[in-house]
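Note that this is a predicted model, so its numbers are computed, not measured.
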Amino acid sequence: MTAPWFERSRCPTCELEVAHAAGLGSAGRRVLLVCPKCQHRWPPSPDDAAGAAAGAVPRCARHTTRASAWTCERCGEAWCEACDEHDRSQTVGPYRMSACCLARRLPVVRTEDVRPLLDDIPRALVWPLRRAGLPMLLLFWAGSFVPFVDWLLLFALAAYLQHVLRVSARGAPHLPPFPAIDEPVQDVAYPLLRLLVVAAVLGLPWVVWRLFFEGGPVVGTLLLLPVLVLGPFAVTVASVGRSLDAFGEPAAIGRALARIREDYTVVVLVVLALALPVAVLAPFSERLAVALVAWLLTYYGLFATFHLLGRLVFRTRDLVSWEV
């Protein structure tokens with residue numbers, strides 16, 4: 001074999017370097033790579049797949065009916081697990097070397113097809129209540145009823161929710177603890193400012209109409225449509241993008257939403273479903289018991305929404321150039 005059949009990737013979690021077939025995703029098949037060491041899943045880089053002909057993983061050189069598990073990084077010769085167990089190659093430091101070229105052996109990563117985001121909904125709704133999720137949820141909920149502390153929690157909440165989105169976009173299985181705040185401006189004030197900019201751009205027409213004009217509920221509903229439809233996308237851009245330039249280009253927004261329209265529609269519908277109980281309880285919030293339940297549902301909805309947006313990024317990184 002004159003050229004390797006594979007491309008290299010590195011697991012985002014354990015940093016294991018692996019090999020996979022060249023051109024994954026370039027033929028329309030959307031896949032995730034599954035780390036053989038830690039079982040973390042991540043999509044192949046779109047840059048690696050661009051312009052390449054989708055390749056197939058070769059069979060074992062000795063057993064043509066068996067899938068390959070290891071490959072030589074120099075010539076691309078492949079071996080199955082049985083061959084690897086039978087023929088233990090020499091090692092240099094932490095690396096196992098191939099007998100053919102005395103080069104490193106790379107594990108051949110397993111792939112699985114990307115499932116629709118709809119399949120993730122049950123797990124995403126339970127996600128904020130597991131592990132660190134429930135304590136963090138109760139912490140923010142209880143703090144919202146403490147004078148002065150509730151205002152400080154707004155800054156902390158903005159930073160934490162964006163942290164949740166970014167961690168979820170990398171495929172983390174559990175809600176993360178609160179991040180260490182080394183620089184208050186960069187870690188807290190800046191994330192809050194980005195969210196405020198997005199909220200101001202989307203909600204400004206509705207606020208101006210409410211303050212200076214009189215009209216029926218139809219006009220108000222029409223002005224809220226951009227917030228409902230573009231709000232999740234704008235929040236995602238504010239959380240995982242290095243700048244908000246993409247948010248100012250309607251054509252780029254349209255192209256991105258067209259590529260992820262099915263998954264994004266699911267996100268919008270779930271967000272509306274999470275907001276509906278809070279809206280129903282709002283007229284009765286003067287009662288303490290109702291207010292307690294409404295605030296708990298609010299924080300639960302925020303946690304679930306930002307996790308779901310992170311999952312959207314995780315599942316569509318091969319379609320949209322999210323910066324995570």
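You'll find the side chain of Leu272 stays beyond 4.5 Å of the side chain of Leu276, heavy atoms only. Residues Tyr160 and Phe303 have side chains in contact (heavy-atom distance under 4.5 Å, counting atoms from C-beta outward). Inter-residue side-chain proximity for Pro36 and Val18 is flagged as met; some heavy-atom pair is nearer than 4.5 Å. For the pair Gln39 and Arg110, the minimum side-chain heavy-atom distance is below 4.5 Å. Between Leu125 and Tyr300 the shortest side-chain heavy-atom distance falls below 4.5 Å. Between Pro12 and Arg170, every side-chain heavy-atom pair lies at or beyond the 4.5 Å cut-off. Annotation: side chain of Leu137 is in contact with side chain of Leu129 (closest heavy-atom distance under 4.5 Å). The closest side-chain heavy-atom distance from Thr265 to Val268 is not below 4.5 Å.
Closest of all the heavy-atom pairs between Ala258 and Arg261 is O-NH1, 2.6 Å. Minimum heavy-atom separation, Glu7 to Ala21: OE1-O, 4.3 Å. In terms of heavy-atom proximity, Ala273 sits nearest to Pro277 at O-CD, 3.0 Å. Here the closest heavy-atom approach between residue Phe145 and residue Trp141 is recorded as CD1-O, 3.2 Å. Listed here is the closest heavy atom pair of Leu274 and Ala304: CD1-CB, 3.9 Å. Contact detail for Val267 and Pro232: the closest heavy-atom pair is CG1-CB, 4.2 Å.
Taken together through direct or relayed side-chain contacts under 4.5 Å among Ile, Leu, Val, Met, Phe, Trp and Tyr, Val126 and Ile121 form parts of separate hydrophobic clusters. Val34 and Val31 are assigned to two separate hydrophobic clusters, defined by single-linkage of ILVMFWY side chains at heavy-atom distances under 4.5 Å. Under the 4.5 Å side-chain contact rule for hydrophobic residues, Val271 and Leu269 do not share a cluster. Hydrophobic clustering (ILVMFWY, side-chain heavy atoms < 4.5 Å, transitive): Val164 and Val167 are in distinct clusters. When hydrophobic clusters are built by joining Ile, Leu, Val, Met, Phe, Trp and Tyr residues whose side-chain heavy atoms come closer than 4.5 Å, directly or via intermediates, Tyr299 is grouped together with Leu288.
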Derivation and outcome, side chain to side chain contact (heavy atoms under 4.5 Å, CB included), residues Val313 and Leu309: CA-CA 6 Å; Val313 173; Leu309 292 176; 5.8 Å; no
Just do the side chain to side chain contact (heavy atoms under 4.5 Å, CB included) check on Trp295 and Ser285 with the steps written out, would you? CA-CA 9 Å; Trp295 275 108; Ser285 58; over 6 Å; no
Tell me, with the steps shown, if Glu17 and Arg104 meet side chain to side chain contact (heavy atoms under 4.5 Å, CB included). CA-CA 11 Å; Glu17 189 173 7; Arg104 277 195 309 167; 2.9 Å; yes
Under the side chain to side chain contact (heavy atoms under 4.5 Å, CB included) criterion, do Leu257 and Leu230 qualify, and how do the steps go? CA-CA 9 Å; Leu257 292 179; Leu230 297 178; 3.7 Å; yes
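Around CD of Glu286, the count of heavy atoms belonging to other residues, nucleotides or ligands within 6.0 Å does not exceed 12. Other residues, nucleotides and ligands contribute more than 12 heavy atoms inside 6.0 Å of the CZ atom of Arg10.
Taking OG1 from Thr305 and CG from Leu312, the interatomic distance works out to 12.0 Å, rounded to the nearest 0.5 Å. Taking CG of Leu32 as the reference point, atom CZ of Phe314 lies at 5.0 Å (rounded to 0.5 Å). Remark: Leu157 CG to Gln162 CD distance equals 10.0 Å, nearest 0.5 Å. With rounding to the nearest 0.5 angstrom, the CG atom of Leu165 is 6.5 Å from the CZ atom of Phe306. Taking CZ from Arg166 and OG1 from Thr236, the interatomic distance works out to 12.0 Å, rounded to the nearest 0.5 Å. Considering CZ of Arg105 and CH2 of Trp70, their distance stands at 8.0 Å, rounded to 0.5 Å.
With hydrogens and angles left out, the side-chain atoms of His20 and Ser9 include a donor and acceptor closer than 3.5 Å.
When hydrophobic side chains of Ile, Leu, Val, Met, Phe, Trp and Tyr are connected at separations under 4.5 Å, Phe284 ends up clustered with Val278, Leu281, Val290, Val293, Leu297.
Partners of Thr316 according to the side-chain hydrogen bond (donor to acceptor under 3.5 Å, both in side chains) rule, which considers only residues two or more places apart in sequence or in another chain, are Trp322.
Panel note: side chain Ser68, backbone Cys60; no donor-acceptor pair is recorded below 3.5 Å.
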